[in-house]
Amino acid sequence: MHQYRTHTCADLSKDHIGQTVKLSGWISRKRDHGGVVFIDLRDTYGLTQCVVDEGSPLLAEIEKCRVESVITVTGEVRERPGETQNKNMPTGDIELYIAQMDVQGAAEVLPFQVAEDDGAGEEIRLKYRYLDLRREKMQKNIRLRNDVIFSMRERMHGKGFQEFQTPILTASSPEGARDYLVPSRLHPGKFYALPQAPQQFKQMLMVSGFDKYFQIAPCFRDEDGRADRLAEFYQLDLEMSFVTQEDVFNTVQPVIEGVFEQFNDFTGTTHKIEWMPHIRYEDAMMKYGSDKPDLRNPLEIVDVTEVFARDDVEFKAFKGTIEKGGVVRAIRVPKVADQPRSFFDKLNSWAQGEGAPGLGYVKLENGAGAGPIAKFIPEAAMAELAKIAGLEDGDAIFFICNKELPAAKLAGLARDAICNALPEGHEASREKGVFRFCWIIDFPMYERDEFTGEVDFSHNPFSMPQGGMDDLENKDPEQVYAWQYDAVCNGFELCSGAIRNHKAEIMEKAFSIAGYDKEVLEDKFGGMLNAFQYGAPPHGGCAFGVDRIIMLLANEPNLREVYAFVMNGQYEDQMMSAPNDITPEQLKDLHIKLDMPKAKVKIEDAA
RNA sequence: GCGGGUGUAGCUCAGUUGGUUAGAGCGCCGCCCUGUCACGGCGGAGGCCGCGAGUUCGAGUCUCGUCACUCGCGCCA
């Protein structure tokens with residue numbers, strides 16, 4: 001007989017009755033009846049009830065074992081007596097009668113409960129992550145992560161992509177997020193950077209002729225976290241040669257759809273997978289106020305600046321902003337005129353919390369405008385408003401007035417806030433049970449800083465401008481679009497990608513428009529620029545956020561629930577004590593002296 | 001860097017207009033219990049009320065500061 005086990009805790013059934021078997025696992029629960037003790041023995045595969053009966057010399061020993069101790073038990077598999085069979089348990093027909101027991105690893109008193117969700121907070125869960133990971137939900141989530149990544153790999157290999165590894169110690173790049181830096185011992189004063197993405201490497205693999213690259217790639221960005229953003233994360237990174245934007249979509253879309261279809265019911269709820277028609281970036285900002293719209297929300301934004309600019313509309317609060325170049329965006333919400341005043345007041349408070357003066361609205365009741373600001377909108381203007389927004393009797397329309405970009409963004413937030421505020425079952429409620437995808441396309445190549453007036457890349461500087469050199473030379477930079485695209489799902493940006501700029505002379509021009517001269521370009525991107533001078537194929541690709549995909553499939557509120565080991569919101573690992581201090585010797589080796597920020601001096605102390 | 005929320009027993013939380021000895025559930029310890037599966041019963045231990053000032057006869061409760069965690073803004077091509 002094997003030293004530790006003949007079966008797992010999920011294996012045993014009526015077929016094994018009468019056999020002597022050995023199991024190893026954790027004591028998940030213990031039910032001590034004095035004369036008889038029941039133990040639920042747990043491993044990653046399942047639970048098996050084990051019994052010690054009165055008269056057994058093991059009774060006293062097993063009563064002393066705390067839950068979460070690791071034990072090995074040997075004994076006969078017996079059918080449970082009639083009424084005590086547990087139909088809720090896969091192994092509930094049988095139990096193991098313990099004849100021999102070895103304690104492999106005794107457990108101290110636990111900081112929180114493992115066998116049940118006792119609501120323990122994130123701080124303590126992360127500190128004792130190895131215990132947290134024993135819990136059923138985390139075992140399932142991590143298993144899902146494994147299955148999703150395996151599925152991605154299979155699908156990518158099936159499409160003829162080669163899997164690569166690219167350097168983790170690489171060079172810092174001048175734009176984008178802050179880099180995590182690693183000092184070089186052999187080159188005092190110089191630093192490696194951890195990759196924000198394997199961007200340049202995958203492009204150079206295209207120059208090398210590998211044609212189809214992919215990698216489950218670790219990426220590092222030293223920027224403040226969010227629920228859906230961590231310092232380190234993984235992307236399904238891919239790149240292809242001789243492709244158009246549509247080729248990239250047609251290649252990767254079935255991979256992602258396939259993964260979502262395969263795991264769509266992980267939470268127990270079946271989800272539809274729907275890929276909506278492409279939306280241009282500018283249209284997304286207009287209709288949804290966001291470049292990552294949640295298309296389960298049916299509400300849409302319209303521009304009604306012309307209504308409030310009319311001479312017969314005397315709403316000064318908006319008129320003043322319009323005269324300074326502002327716009328009025330509006331959201332029509334069907335069948336809410338009968339909502340109590342508190343519905344509208346709460347949304348008004350919400351808008352004030354976002355820094356807006358408020359969230360004005362008009363209701364259309366019995367063919368006439370109603371509500372606090374309806375008196376400023378005469379009948380003819382109200383008719384125009386109704387026409388633009390498609391208002392019907394019983395609807396309400398909310399207004400946001402500001403300069404264009406902030407107005408669009410707030411309208412986008414309001415669109416979701418209003419949808420969330422709608423009562424359960426309302427016709428405009430956020431749709432459930434669906435993963436609704438969409439490609440956002442035609443991103444602008446450049447944007448102009450509102451205050452400095454300087455032009456900078458709005459997204460990826462390696463993207464090909466849609467009109468090539470001709471557009472760069474002859475168009476206003478803000479009118480140049482890039483072959484740059486995102487994939488969004490249910491309000492999350494899941495993917496970003498582009499058809500790359502593979503021509504050195506176009507790249508020089510593109511960077512010069514953004515204010516980077518040739519020297520900077522050669523200094524920072526010399527490797528890739530050189531590569532493009534020895535026969536570079538047209539190429540493009542994208543990268544999907546693996547963790548966000550798992551987060552969506554598992555319906556988890558944040559990324560920390562889908563990683564085995566993860567840092568907290570301040571990017572600290574309380575379990576491993578990272579980051580931590582290093583020895584003076586280590587610093588000396590690296591020729592580094594610390595220049596710590598000065599401690600804050602209180603005024604009364606200084607005086 | 002900024003704003004919101006939270007901080008009371010090992011864990012999750014309650015704690016009234018400031019007023020005796022700060023409570024509950026789970027966990028832990030002891031005793032009892034032969035069929036449970038969130039076993040049950042009886043008893044017990046366990047508290048820098050995040051920390052520091054202040055107001056007050058009196059602070060878990062009010063004020064200020066500070067720290068930690070969390071959500072968001074900035075930032076993240």
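A straight line from CG of Asn568(A) to P of rA68(B) spans 11 Å, rounded to a whole angstrom. Rounded to a whole Å, the CG atom of Asp573(A) is 13 Å from the P atom of rC69(B). Here rG72(B) presents its P atom at 17 Å from CG of Leu410(A), a figure rounded to the nearest Å. rA68(B) atom P lies 15 Å from atom NZ of Lys127(A), rounded to whole Å. In this structure, Phe443(A) atom CZ and rC76(B) atom C1' are separated by 14 Å, rounded to whole Å. Between Lys409(A) atom NZ and rG74(B) atom P the separation is 6 Å, expressed in whole Å. Whole-Å rounding puts the Glu354(A) CD to rC2(B) C1' distance at 14 Å.
rG46(B) and rA24(B) have their C1' atoms separated by 15 Å, given to the nearest Å. rG47(B) and rA14(B) have their C1' atoms separated by 15 Å, with the value rounded to a whole Å. Taking atom P in both rU66(B) and rC2(B), one finds a spacing of 10 Å when rounded to whole Å. Rounded to a whole angstrom, the distance from the P atom of rC64(B) to that of rC69(B) is 23 Å. rU55(B) and rU16(B) have their P atoms separated by 24 Å, with the value rounded to a whole Å. Taking the C1' atom of each, rU63(B) and rG18(B) are spaced 13 Å apart, rounded to whole Å. Spacing between rG44(B) and rG7(B) at atom P, rounded to whole Å, works out to 30 Å. Comparing rG74(B) with rA68(B), their P atoms are spaced 23 Å from each other, to the whole Å.
Considering only side-chain N and O atoms, Gln570(A) lies under 4.0 angstrom from the phosphate OP1 or OP2 of rC69(B). At the phosphate of rC73(B), OP1 or OP2 sits under 4.0 Å from a side-chain N or O atom of Arg226(A). Between Arg31(A) and the phosphate of rC39(B), there is a side-chain N or O to OP1/OP2 separation shorter than 4.0 Å. For Gln85(A) and rC37(B), the shortest distance from a side-chain N or O to OP1 or OP2 is not below 4.0 Å. Applying the 4.0 Å criterion to OP1 and OP2 of rC37(B), one finds that Asn86(A) has every side-chain N and O outside that range. Remark: Arg29(A) is in phosphate contact with rC39(B), judged by side-chain N or O atoms under 4.0 Å from OP1 or OP2. Proximity of Arg560(A) to the phosphate of rC71(B): a side-chain N or O atom is located under 4.0 Å from OP1 or OP2.
Centre separation under 5.5 Å together with a plane angle under 30° holds for the ring of His33(A) and the six-membered base ring of rC39(B), marking them as stacked. Aromatic stacking is marked for Phe38(A) over rU36(B), as both cut-offs hold: 5.5 Å for the centres and 30° for the planes.
Both Ala120(A) and Tyr97(A) lie close to RNA chain B; mapped to their nearest nucleotides by heavy-atom distance, the more 5′-ward contact belongs to Ala120(A). Each of Glu122(A) and Ala177(A) has a nearest nucleotide on RNA chain B; the 5'-most of these lies closest to Glu122(A).
Of the possible polar contacts, one joining the Asp11(A) side chain to the Thr8(A) backbone as a donor-acceptor pair under 3.5 Å is found. A donor-acceptor pair is defined here as one N or O able to donate and one able to accept, closer than 3.5 Å; such a pair exists between the side chain of Thr84(A) and the backbone of Pro81(A). Asp547(A) places no side-chain N or O within 3.5 Å of a backbone atom of Phe233(A) that could act as its donor or acceptor partner.
Nearest nucleotide to the Glu54(A) side chain, out of rC71(B), rU34(B), rC33(B): rU34(B). Residue Gln49(A) places its side chain closer to rG35(B) than to any other of rC11(B), rC71(B), rG35(B).
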Shorter than 3.5 Å, N or O on both sides, protein versus nucleotides 3-7 of chain B: list them out with atom names.
none

(request) Test side chain to side chain donor-acceptor pair (under 3.5 Å) on Asp442(A) and Gln466(A) and set out the steps. (result) CA-CA 9 Å; Asp442(A) 296 346; Gln466(A) 291 193 3; 2.8 Å; yes

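Judged by atom type and distance alone, Arg221(A) does not reach the base of rC76(B) through any side-chain donor-acceptor pair under 3.5 Å. Interface remark: the Glu95(A) side chain does form a donor-acceptor pair with the rG35(B) base, using a distance-only criterion of under 3.5 Å. A donor-acceptor contact under 3.5 Å is not formed by the side chain of Asp40(A) with the base of rC37(B).
Applying the ring pair (Phe, Tyr, Trp, His ring centres under 6.0 Å) test to residues at least two apart or on different chains, the pairs with a partner in residues 24-62 of chain A are His33(A)-Phe38(A).
Scanning for side-chain contact (heavy atoms from CB on, under 4.5 Å) contacts around Ser69(A) gives Ile27(A), Arg66(A), Ala106(A), Ala107(A), with sequence neighbours left out. Here Asp132(A) pairs with Arg125(A), Arg129(A), Arg135(A) under the side chain to side chain donor-acceptor pair (under 3.5 Å) rule; sequence neighbours left out.
Remark: RNA chain B takes part in the stems B:1-7 with B:67-73, B:10-13 with B:23-26, B:28-32 with B:40-44, B:50-54 with B:62-66, each of 3 or more antiparallel Watson-Crick or G-U pairs, criterion distances under 3.5 Å.
Residues Tyr485(A) and Phe249(A) place their aromatic rings such that the two centres sit under 6.0 Å apart. Not less than 6.0 angstrom separates the ring centroid of Phe565(A) from the ring centroid of Tyr130(A).
Under the 6.0 Å distance and 45° angle rule, Arg548(A) does not count as a cation-pi partner of Tyr234(A).
Asp416(A) and Asn297(A) are linked by a side-chain donor-acceptor pair at a separation below 3.5 angstrom, with hydrogens and angles left out of the test. In summary, the side chains of Arg500(A) and Gln484(A) do not present any donor paired with an acceptor at a separation below 3.5 Å, with no hydrogens or angles considered.
The aromatic rings of Phe457(A) and Tyr516(A) sit parallel to each other, their planes meeting at less than 30°, with 60° as the upper class boundary.
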(request) Classify every nucleotide of nucleotides 26-32 of chain B by which part a protein heavy atom approaches to under 4.0 Å, writing B for the base, S for the sugar-phosphate alone and - for neither, in 5'-to-3' order. (result) -SSS---

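Ionic pairing of Glu239(A) and Lys202(A) is present here: one or more N-O contacts between side-chain nitrogen and carboxylate oxygen are shorter than 4.0 angstrom.
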